[in-house]
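Worth knowing before you read on, the calculation uses all heavy atoms, side chains too, and leaves out hydrogens, waters and symmetry mates.
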Amino acid sequence: MSLADSIKNIREEKHLMQKEVATHIGVDKSTYSKIEKGLRELTVAELQKIAQLFNMTTDQLLNYDGDMPQEVVLEDKTAVEQMRLIQQLDDEDKKTIFKLIDKMLTNKKFKDFFQKNVALM
């Protein structure tokens, strides 16, 4: 799929009008129409503005294959599925997640300890 086709498809998925995108990137509607038809190339600045409007990165926009990524929500998954998804992260992100979990569990233990000991006083 060409970049022009991708931009048009994403714009339509987001229910935006050509004029809205044109205004956002600072061109007139006829110029934007040429972009979607592949008759005019985007500048880097225009590409960045379109990516921002579509809430995507320029890389996502350039490599768009027709599937919009969906938000991942862990809380509605089983513990096994949550761990499987976390294991898909790169090593640095996994370390960060596990450090956060360690910190939360440590905080909970201290909180439980103090509540138990304060109740005894």
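The shortest side-chain heavy-atom distance between Tyr64 and Leu3 does not fall under the 4.5 Å cut-off. Looking at heavy atoms from C-beta onward, Leu62 lies in side-chain contact with Leu47 at the 4.5 angstrom threshold. Taking the side chain as every heavy atom from C-beta outward, Ile25 and Thr43 never approach each other to under 4.5 Å.
Asn55 meets the side chain to side chain contact (heavy atoms under 4.5 Å, CB included) test with no other residue; sequence neighbours excluded. Under the salt bridge (Lys or Arg N to Asp or Glu O under 4.0 Å) criterion, Glu12 pairs with no residue, sequence neighbours left out. Not counting sequence neighbours, the partners of Ser2 by the side chain to side chain donor-acceptor pair (under 3.5 Å) test are Asp5. Scanning for side chain to side chain donor-acceptor pair (under 3.5 Å) contacts around Ser30 gives Asp28, with sequence neighbours left out. Gln88 meets the side chain to side chain contact (heavy atoms under 4.5 Å, CB included) test with Arg84, Leu85; sequence neighbours excluded. Judged as a side chain to side chain donor-acceptor pair (under 3.5 Å), and not counting sequence neighbours, Asn9 has no contacts.
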Please list every donor-acceptor pair under 3.5 Å in which a side-chain atom of residues 89-105 meets a protein atom from a residue at least two apart or in another chain.
from, atom 1, to, atom 2, distance (Å)
Asp90, OD1, Glu92, N, 3.3
Asp90, OD1, Asp93, N, 2.9
Thr96, OG1, Glu92, O, 3.0

Using residues 15-22 as the side-chain source, report each donor-acceptor pair under 3.5 Å to any protein atom, sequence neighbours left out, with the distance given to one decimal.
from, atom 1, to, atom 2, distance (Å)
Gln18, OE1, Lys29, NZ, 3.2
Gln18, NE2, Glu36, OE1, 2.9
Glu20, OE1, Met17, N, 2.6

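Hydrophobic clustering, defined by side-chain heavy atoms of Ile, Leu, Val, Met, Phe, Trp and Tyr closer than 4.5 Å, groups Phe114 together with Phe110, Phe113.
Across all non-hydrogen atoms, the minimal contact from Ala4 to Gly38 is CB-N, 3.7 Å.
Expressed to the nearest 0.5 Å, how far CD of Gln60 lies from OG of Ser6 amounts to 12.0 Å. Atoms CE and CG, from Met56 and Leu61 in turn, are 5.5 Å apart once rounded to the nearest 0.5 Å. Note that CG of Leu42 is 4.5 Å distant from CD1 of Ile35, once rounded to the nearest 0.5 Å. Put simply, CD on Gln82 and CG on Asp76 are 8.5 Å apart, with the number rounded to the nearest 0.5 Å.
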Walk me through whether Arg11 and Phe54 qualify under side chain to side chain contact (heavy atoms under 4.5 Å, CB included).
CA-CA 8 Å; Arg11 176 185 59 78; Phe54 291 168; 3.9 Å; yes
Show your reasoning for whether side chain to side chain contact (heavy atoms under 4.5 Å, CB included) applies to Tyr32 and Thr23.
CA-CA 9 Å; Tyr32 179 76; Thr23 300; over 6 Å; no
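For residues 41-62, the pairs satisfying salt bridge (charged side-chain N to carboxylate O under 4.0 Å, His left out) are Arg40-Glu46, with sequence neighbours left out.
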